[in-house]
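Below is one structure, written out as structure tokens, with a few remarks after it.
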Amino acid sequence: MFVVTARAGDGPAGCLVGFTTQASIDPPRFLVGISKANHTFTAAEAATHLGVHLLARDDLELARWFGGQTGDKVDKFAECRWHAGPAETPILDAAAAWFVGVILDRFDLGDHVGYLLNPIAGQAPAEPRPWVSLTDVADIEPGHDA
């Protein structure tokens, strides 16, 4: 599970996502799926870059926060520490690993849109850790239906 962030005219947006995959080794590419019903989708449609964050299980509550709330009603970023990264993309300070990617293309995937990213900057984890997985967040009532 990853938290994806975007910067739009009205400020930062972010959500917990499960549909992600490495899409190419050379050149490096990563694909992120964001639900069309999600508040972050609107920000991602206007963005040129997305932030992709890997959270350790120690930060499970942060993952649950980004998955269980909607930016339509709550300022998720008021409840966590973050900073502006490359292209003003919101970076979560608690993330053990993250990268910012330029959006190369968008693909309609049904109820989600896939964003093909070219990673341009990031931070690798300092050490292996147990990461937040689907089983850790399967009981979350999402902020929006998919």
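- At distances below 3.5 Å, not a single donor-acceptor pair connects side-chain atoms of N38 with backbone N or O atoms of S35.
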Decide side-chain contact (heavy atoms from CB on, under 4.5 Å) for H53 and L92; before the verdict, give the C-alpha distance in whole Å, the side-chain angles of both, and the deciding distance to 0.1 Å.
CA-CA 7 Å; H53 303 77; L92 302 176; 3.8 Å; yes
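- F2 and V132 are not part of a single hydrophobic cluster, where members link through side-chain heavy atoms under 4.5 Å apart.
- Residues Q123 and A96 come closest through the heavy atom pair NE2-O, 3.6 Å.
- Residues in residues 81-101 take part in these salt bridge (Lys or Arg N to Asp or Glu O under 4.0 Å) pairs, two or more places apart or across chains: R81-D93.
- Clustering ILVMFWY residues whenever any of their side-chain heavy atoms sit less than 4.5 angstrom apart, transitively, puts L16 in a cluster other than the one holding W131.
- Placement of L54 and F99 within a single hydrophobic cluster is found when ILVMFWY residues are connected by side-chain heavy-atom separations under 4.5 Å, directly or transitively.
- Closest non-hydrogen pair, L50 versus A6, comes out as CD2-CB, 3.6 Å.
- The nearest pair of heavy atoms linking E45 to V113 is OE2-CG1, 4.1 Å.
- In summary, D59 and R64 do not engage in a salt bridge, as defined by a charged side-chain N under 4.0 Å from a carboxylate O.
- At a threshold of 4.5 Å between side-chain heavy atoms, the hydrophobic network of Ile, Leu, Val, Met, Phe, Trp and Tyr places V4 and I120 in two separate groups.
- A donor-acceptor pair under 3.5 Å is absent between the side-chain atoms of K76 and the main chain of G67, judged by distance alone.
- Considering only heavy atoms from C-beta on, R7 stays 4.5 Å or farther from T89 through its side chain.
- With rounding to the nearest 0.5 Å, the separation of CD in E61 from CG in L55 is 11.5 Å.
- Each salt bridge (Lys or Arg N to Asp or Glu O under 4.0 Å) pair with one or both residues in residues 13-33, not counting sequence neighbours, would appear here, but there are none.
- Pairs engaging residues 119-130 under the salt bridge (Lys or Arg N to Asp or Glu O under 4.0 Å) rule: D58-R129 [sequence neighbours left out].
- When side chains are defined from C-beta on, P90 does not count as touching H83, because their heavy atoms never get closer than 4.5 Å.
- Side-chain contact check for T20 versus M1: every heavy-atom pair is 4.5 Å or farther apart.
- Under a hydrophobic-cluster definition in which Ile, Leu, Val, Met, Phe, Trp and Tyr are linked whenever side-chain heavy atoms come within less than 4.5 Å, directly or via other members, Y115 and V102 are assigned to different clusters.
- Heavy-atom contacts from other residues, nucleotides or ligands closer than 6.0 Å to CZ of F107 number more than 12.
- Residues V3 and L62 have side chains not in contact (no heavy-atom distance under 4.5 Å, counting atoms from C-beta outward).
- Listed here is the closest heavy atom pair of V74 and W65: CG1-CZ2, 3.4 Å.
- Here the closest non-hydrogen pair linking I140 and G68 is CG2-CA, 3.6 Å.
- Atom CZ in F19 sits 9.5 Å away from atom CG in L109 (nearest 0.5 Å).
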Would V17 and V52 count as a side-chain contact (heavy atoms from CB on, under 4.5 Å) here? Give the steps.
CA-CA 10 Å; V17 301; V52 180; over 6 Å; no
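- By the 4.5 Å heavy-atom criterion applied to side chains, T5 and P12 are not counted as neighbours.
- I103 has its side chain within reach of L117: a pair of non-hydrogen atoms, C-beta onward, lies under 4.5 Å apart.
- Across all their heavy atoms, L116 and L31 have their closest contact at N-CD1, 3.9 Å.
- In this structure, the side chains of C80 and F66 come closer than 4.5 Å at one or more pairs of heavy atoms.
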